[in-house]
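In what follows, every chain begins at residue 1, and chains take the letters A, B, ... in the order their sequences are listed. Quantities reported herein were computed from a predicted structural model and do not represent experimental measurements.
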Amino acid sequence: MPPFLPPLPTPCAPNSTSRPARGLLHAIPHRNLKLPPGRRGRQGGRITISSSSSTLSAAQDLIADAATPRAFSALFKAASSATSPSPSLGVQLHAQAVVRGFLGDGDNTILSTAILNFYASCRQPDLARQVFDTMTCRNAVTWNALIKGYAQAGRREEALELFRDMRRQGHVAPDKYTFPALLSGIGRERGGGCMQELGGSMHAQVIKSGLHKDPFVGASLVSMYAAIGALEDVKAVFDDVDTLDPVVWSSMISAYVNCKEEQGALLTFYKMLCRDIKPRQFVYSSLFAICGSTSLLEMGRQVHAHSLKNIADKDAAMTNALLTMYSDCGCINDAWRVFSSNDVVDVVSYSSMILALGQHGHPKEAFELFRQMEFSGLVPDDVTLLNLLSAFNHAGLVPEGLHIFDSMLDIQGIKPTYEHYACIVDMLARSGEIGEAIKTINEMPFEAEAPLWRIVLGACSKHRDIATGMKIAEMLFEMEPYEAANYILLGNIYTRLGRWTEAAKVRSVMDKRGIGSYDAFSWIEMGKKTHRFGVADRSHPISEEIYRNLDRLIGSIKAAGYVPDISFAAHNLEKDRREESLHYHCEKLAFAFGDLASPSGNTLRIMKNLRVCGDCHSAYKYFSLITGRKIILRDNHRFHHFNKGACSCGDYW
DNA sequence: ATAGGGTTAG
């Protein structure tokens, strides 16, 4: 029995020789089951519906009155609704259709297809397949519904195989419904190595079938190509398609977002507005995602204002994207405002807000919100719990995190995934319990991948555990000989201990093997421009002034007690250049610029693509002290709010 | 009886 289905109610017709209801298609033969004459209809067919929902009892009456297969088809459509599918209703309908003999001798293609579509919509493609196999007459709708069922259940191979079967049997040609059914979401599956070739072949078949102008087909091709990063092909599809349709524009914008082409997405948005095509909620969701990931707060606020003017009814996904945008831009208060004034709150809203609170260093509030969520009757899912764990992880609240983790399965009924384990491993390792972390890795029901070991290696550097670190590094070198991060982390362990010779040796091995390291950079939004800084970067137009200001600032914070920590300097430098190099880290440059370019006392929001360096973290605390500014620093991991010489992370990160 | 695009994690 499919796990989501309630037990099938037993028909309570008088004298009926009903057998105990077990499953679905197992308990009820799909066809050739007829009640004796006179037992059909309202009385014989009456069924008990266990749910107390009023829609269901209304449906119950409808079922009783529905006299024709045609009416049944319409009811199945209601049970298959994308927004609120009703598995129990559909199952009862199926039982009733059988009981009434609507699926008796001879095919009823329309009704059978409606039933098939119901199972497909409920993510039960195998049950849909069973209906399909009993049918002798199948039309395009039948094929399309089954293909969609497999594709949406993430079973790409089976969906493709069906598509090929459809072509092979030759009676029914793929139509404008077929390609969207097959292609939507198909590229998102893992292991899409063959997608490039497959994508091209699908595109060719679309053109051959003359369907390339169709906006539905076009949108699904765009999203398929976007999923494999084939932006040129995306553009080619867009050139062919009918561009009056708003959805094609939405899919185009999200294609740019997927391919990390923020400029292209914004440009497409402007073009769309120029052509008087009204953006829908989908478009704003994508734009909010861009503004958040690139931390373009001013742009984000403008898009937000635009959405208020153009969108009348709120929608959960769009509002959640907005919430995340504000959080990603460092504005946790704005994020909270969006959340708390939101009347379309759902599980994702809570999960996103819990995540945001955790990233900004408010684990207690995150937990409080979690409790409130449970109280409100919403059921946390695996992401909610992951985000809650990550909130505890950010704050180093190990016992609290372990408690949640240990009770996940029993209390929430959610089986920990690889990500949950990874979070716990990170939490243990960074808090100094490296042995426990390794033990967890060895005991978890998954094979650890390199990035998880890398987390532990990072923790070894933090806690100066060189013996364990070397062992892990050795293993990682074997797993990924060309991954720069592994060498850098090992080098960090040596520099943290002042063992510069060994650190330099690691560096030279990297050079010998031709492994380039990642370039760190920081950026800051000022007015309508984003200013980006690399390490020791002198390319900014007012670079001279920036360096002068930075030297001045360093002098002041030294006077206030800042001591440079050269164990964060690059591995391969001469002794006397180490301290200087430290000063020109990109996040310090970004601050020196922001301090010049914005009125004194203003809060500065600075982003970094890698984790903040320990020396810069210390310097920022002093910066906030001597300049009186609040500084919000977002690194690739979390947010640091600096104020009056202290950081919200409590120096744990 | 069937259709396309969006939000939470590193």
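Contact annotation: side chain of S250(A) to base of dG5(B), donor-acceptor pair present below 3.5 Å. Remark: the N139(A) side chain and the dA1(B) base include a donor-acceptor N/O pair separated by less than 3.5 Å.
In this structure, V217(A) reaches neither bases nor backbone, as no heavy-atom distance under 4.0 Å exists between it and the strands shown. Using a 4.0 Å heavy-atom criterion, one finds that L386(A) contacts the bases of the nucleic acid, with or without backbone contacts as well. Residue contacts shown for S251(A) are limited to sugar-phosphate atoms, with no base heavy atom under 4.0 Å away. Residue-level contact check: D245(A) touches the bases, meaning some heavy atom is under 4.0 Å from a base atom. D315(A) comes within 4.0 angstrom of a base, heavy atoms only. Nucleic acid contact class of D426(A) (heavy atoms, under 4.0 Å, all strands): none.
The phosphate of dT8(B) has neither OP1 nor OP2 within less than 4.0 Å of any side-chain N or O from Q359(A). For Q152(A), no side-chain nitrogen or oxygen approaches OP1 or OP2 of dT2(B) to under 4.0 Å.
Closest to the side chain of K176(A), out of dA1(B), dA3(B), dA9(B), is dA3(B). Listed nucleotides dG6(B), dG10(B), dG4(B) differ in distance to S220(A); the shortest reach to its side chain belongs to dG4(B). Among the nucleotides dG10(B), dT7(B), dG5(B), the one closest to any side-chain atom of A317(A) is dT7(B). Of the candidate nucleotides dA9(B), dT2(B), dG6(B), dT2(B) has the atom nearest to the side chain of N117(A). Counting only heavy atoms from C-beta on, R280(A) has its side chain closest to dG5(B) among dG5(B), dG6(B), dA1(B). The listed nucleotides are dG6(B), dT2(B), dT8(B); the one nearest the side chain of M318(A) is dG6(B). Distances from the side chain of V247(A) to the nucleotides dG5(B), dA3(B), dA1(B) place dG5(B) closest. The nucleotide whose nearest atom lies closest to any side-chain atom of S352(A) is, among dG10(B), dA3(B), dT8(B), dT8(B). With dA1(B), dG5(B), dG4(B) as the candidates, the nucleotide lying closest to the side chain of F282(A) is dG5(B). Listed nucleotides dG6(B), dT2(B), dG4(B) differ in distance to S285(A); the shortest reach to its side chain belongs to dG6(B).
In the displayed structure, E447(A) atom CD is contacted under 6.0 Å by at most 12 heavy atoms of other residues, nucleotides or ligands.
Rounded to a whole Å, the CZ atom of F339(A) is 12 Å from the C1' atom of dT8(B). The CH2-C1' distance, from W249(A) to dG5(B), rounds to 14 Å in whole Å. Regarding H394(A), its NE2 atom lies at a distance of 15 Å from the P atom of dT8(B), rounded to whole Å. Between the CZ atom of F132(A) and the C1' atom of dT2(B) there is a distance of 14 Å, rounded to whole Å. Atom P of nucleotide dT2(B) and atom OH of Y119(A) are separated by 17 Å, given to the nearest angstrom. Rounded to whole Å, atom C1' of dA3(B) lies 6 Å from atom CZ of F216(A). Between D240(A) atom CG and dG4(B) atom P the separation is 21 Å, expressed in whole Å. One interatomic measurement links the two molecules: CE of M202(A) to P of dA3(B), which rounds to 19 Å at whole-angstrom precision.
With sequence neighbours left out, the ring pair (Phe, Tyr, Trp, His ring centres under 6.0 Å) criterion links F392(A) to F367(A).
In this structure the side chain of D126(A) reaches within 4.5 angstrom of the side chain of R155(A), judged on heavy atoms.
Taking the six-membered ring wherever Trp is involved, the centroid distance between the rings of H394(A) and H360(A) does not fall below 6.0 Å. The aromatic ring centres of W249(A) and F238(A) sit less than 6.0 Å apart.
Looking only at atom types and distance, the side chain of N609(A) has no donor-acceptor partner in the side chain of D635(A) under 3.5 Å away.
A salt bridge is defined here as a Lys NZ or Arg NE, NH1 or NH2 lying under 4.0 Å from an Asp or Glu carboxylate O, and D240(A) with K235(A) fails to meet this definition.
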